[in-house]
Protein chains: 2
Amino acid sequence: MAENSSNSSRRPTIYDLAQIAGSSPSAVSAILNGTWKKRRISAATAERVTRIATEQGYAVNLQASLLRRERSHIIGMIVPKYDNRYFGAIAERFETMARARGLFPVITCTQRDPDLEFEAAREMISYQAEALVVTGATDPDRIADFCAAAGVRVINLDLPGRRAPSVVSDNFGGARDLTRLILSRLSQDFGAPSPLWFIGGRPQDHNTLERLRGFHAAHDEAGLTVPPTQVIMPGYSPDKAATALIGRDFPARFGIFVNSTITMEGVVRWLSETLDMDRVRLGCFDWDPFAALLPQNVGMVEQDVSSMLQQVFDAIAEGRDQPTRINVPCILRPLPARVGQP
Amino acid sequence: MAENSSNSSRRPTIYDLAQIAGSSPSAVSAILNGTWKKRRISAATAERVTRIATEQGYAVNLQASLLRRERSHIIGMIVPKYDNRYFGAIAERFETMARARGLFPVITCTQRDPDLEFEAAREMISYQAEALVVTGATDPDRIADFCAAAGVRVINLDLPGRRAPSVVSDNFGGARDLTRLILSRLSQDFGAPSPLWFIGGRPQDHNTLERLRGFHAAHDEAGLTVPPTQVIMPGYSPDKAATALIGRDFPARFGIFVNSTITMEGVVRWLSETLDMDRVRLGCFDWDPFAALLPQNVGMVEQDVSSMLQQVFDAIAEGRDQPTRINVPCILRPLPARVGQP
DNA sequence: CATGGATGCTCAATCGATGCAGCAAGATTG
DNA sequence: CAATCTTGCTGCATCGATTGAGCATCCATG
């Protein structure tokens, strides 16, 4: 269809098109960026230039265009990983919502590496991003400081920071509700309720601590005390979780609070390799449609990605930059019993 | 840390830094882009300017920089979705490999929408991307034509096109191996082997057809013929799969070939709502760690994302632009029996 | 037929970084 | 001590698109 006629190697510019069309670069520019009516270019010229642009396979050079324009309309996001439904949904929803607002979304994935997070943020700023959404960052304040100096708006998502507005899930409430659910299913299926195990995350991690607080709150309500040895925080990775569980003693019947779907992979691998799966009931923070089908799984906490991103875009639109904290309630998804009660 | 001293609103440029440092913009530019030794700037000046840049929260304007430089080092990718492990792994691996090669990866997600795919490709070209990886696109040839006209290299990934090199999984081989596995497990668990159902994908979709070919080849080997009514291709979405399955008649014991993990969600929902799960054995094209734990699942086909992307980067590095086709073998992952044999 | 307005353009400065050409001051050499 | 080399810079054109200012025509009006 589009056929670059003569000069095969280089991309055509408005100067090339102007020469072919026998008009000026200004006219071509106005025609191709849609301001031609305002600039009183005739419809005939506009059509001719547009046709030539298509024939030549012209695409505007955004580097040149953005250099001149005052706004870039670029909005950046960094996410740690794409290996679970939560961050996948965040990325997809962010792109859709950004486009709906006439913004150009740029996302990059930083592998939970603090240096890569910072470098990626710096790159976004170098691309003249108008705002940056920092998702699940290890060190959001370092990025916020840099963005403040550069005059770029930042919003923290998922993990809060002290130097910019943060939109996070109500980790406390979600974890408390999930813990209640696991405890009630435990007593329903196994009789006497006993304190759960908590597995996954890091002691330095804000979300892990909030969830642990909800976990303890639900135990307190039930008059239970969790022995410190039952709280295991070796990071999020499946391997670390599985390794941390191996060789421990567990009672005949027990329950587990799993801190993320990624951790859940390790937990389930360990369970299936070493234990009679019927001895255990578990619940998991975060949603995954297949994990929801595991027979021992009594419930999952789905984070409300749409509402969270709505808050993010509201904060950006309003130009908020005080370090406020917005807590978005989670959605508890109880799962039907799939294992026979003994 | 970084503190923008006086003019709070706008980002500092090399001209601002030059004024503060009492030197010229050229010197500042050379110092900050690392060419200062070659340009015989003294270490003292370099250090002073670098300090001032940090203090002012300077970040290079890549729009201006890239406009001037001859190479952008940007490499673009479009992916359909982030809602499964396969595309998630592609995105993560692509970013890592691109960075390792000194390239700046930009990925955007196009929701399986052909117009959005094209618009996204055009945007990447406008950003002066040096190459574009088109993953799972509905209409890769339209994009390839546009890129050819603009003189930008394109590689198709996952779904092949006719106008550019394509790197795809060996869908035929993978599907044949998986079908063999399901059939053998079926006869092992249920006795007599009978033709499987095939669910998911679209009849226009290259990968679906290749997998269907492998599916039939394995049946042929076993002396079985699949009735056409057992091949159901309503798209990939869980809802469409579940809807297509409702109300059909199935024998007492049977097997299903599921065309993707996304489709698998619908299949499993339908199974759990309407059928005794013990009646069925299934296998799925694509890998998901939780889906692997479903007791009826006898095996999954993992696509070799690392090898595929290695081929993609090789093709880009070699400057290949003939429409060659590279088939990357898949990895069959048989799963242990988890349901009691009757 | 001079005047004023509308129409349909073109000119040229500009955005910020880059890099070649060149220049001044000091050091070295014949 | 003039000639040459080295060191350490600065000046300026340039990349491609944008945009305010301006300049010919043409037509209508008094």
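Source: prediction; values computed, not measured. Atom set for the values below is all heavy atoms of this structure, side chains included, hydrogens, waters and symmetry mates excluded.
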- request: Can you check each nucleotide of nucleotides 11-16 of chain D against protein heavy atoms at under 4.0 Å and return B for base, S for sugar-phosphate only, - for none, in 5' to 3' order?
  value: BBBBBB
task: List in chain and number order the residues that pass side-chain contact (heavy atoms from CB on, under 4.5 Å) with A:Gln310, two or more places apart in sequence or in another chain; answer none if no residue qualifies.
output: A:Met97, A:Arg101, A:Asp314
field: B:Ile31 CD1 - C:dA17 P separation (whole Å)
entry: 14 Å
- line: Those residues at least two apart in sequence (or on a different chain) that pass ring pair (Phe, Tyr, Trp, His ring centres under 6.0 Å) with B:Tyr236 are none
- request: Please state how far atom CD1 in B:Ile41 lies from atom P in C:dC20, giving the value in whole angstrom units.
  value: 14 Å
- request: Rounded off to whole Å, could you give me the CD-to-P distance for the B:Gln128 and C:dA17 pair?
  value: 18 Å
- prompt: Which atom pair, heavy atoms only, marks the closest approach of A:Ser29 to A:Ile14?
  reply: CB-CD1, 4.2 Å
message: Over all strands shown, is B:Thr45 touching base, sugar-phosphate only, or nothing at heavy-atom distances under 4.0 angstrom?
response: sugar-phosphate
query: With sequence neighbours left out, which residue pairs that include part of residues 40-87 of chain B fulfil the ring-ring contact (aromatic ring centres under 6.0 Å, His included) condition?
result: A:Tyr82-B:Tyr82
field: Residue pairs, two or more places apart or on separate chains, that pass salt bridge (charged side-chain N to carboxylate O under 4.0 Å, His left out) and touch residues 118-140 of chain B
entry: A:Arg99-B:Glu123, B:Arg71-B:Glu130, B:Glu119-B:Arg122
OP1 or OP2 of C:dC9 under 4.0 Å from side-chain N/O of A:Ser42: yes
message: Assess, by modelled atom type and distance only, whether the side chains of B:Thr138 and B:Arg112 contain a donor and an acceptor separated by less than 3.5 Å.
response: no
- request: Answer with base, sugar-phosphate or nothing: what part of the nucleic acid does A:Arg69 contact at a heavy-atom distance below 4.0 Å?
  value: sugar-phosphate
- request: Would you mind reading off the distance between A:Leu66 atom CG and D:dT19 atom P, rounded to a whole angstrom?
  value: 11 Å
Separation of D:dT18 P from A:Leu32 CG (nearest whole Å): 8 Å
task: Specify the separation, in whole Å, of atom CZ of B:Arg40 and atom P of D:dC5.
output: 13 Å
- prompt: Please give, in whole Å, the distance from C:dG19 P to B:Lys37 NZ?
  reply: 18 Å
message: Could you tell me how far apart B:His73 (NE2) and C:dA17 (P) are, to the nearest whole angstrom?
response: 18 Å
List the atom pairs, with distances to 0.1 Å, where a side-chain N or O of residues 36-47 of chain A and a protein N or O form a donor-acceptor pair under 3.5 Å, not counting sequence neighbours.
unit_1	atom_1	unit_2	atom_2	d
A:Ser42	OG	A:Thr45	N	3.3
A:Ser42	OG	A:Thr45	OG1	2.8

- line: Assign each of A:Ser23 and B:Leu62 the nucleotide of DNA chain C bearing its closest heavy atom; nearer the 5' end lies the nucleotide of A:Ser23
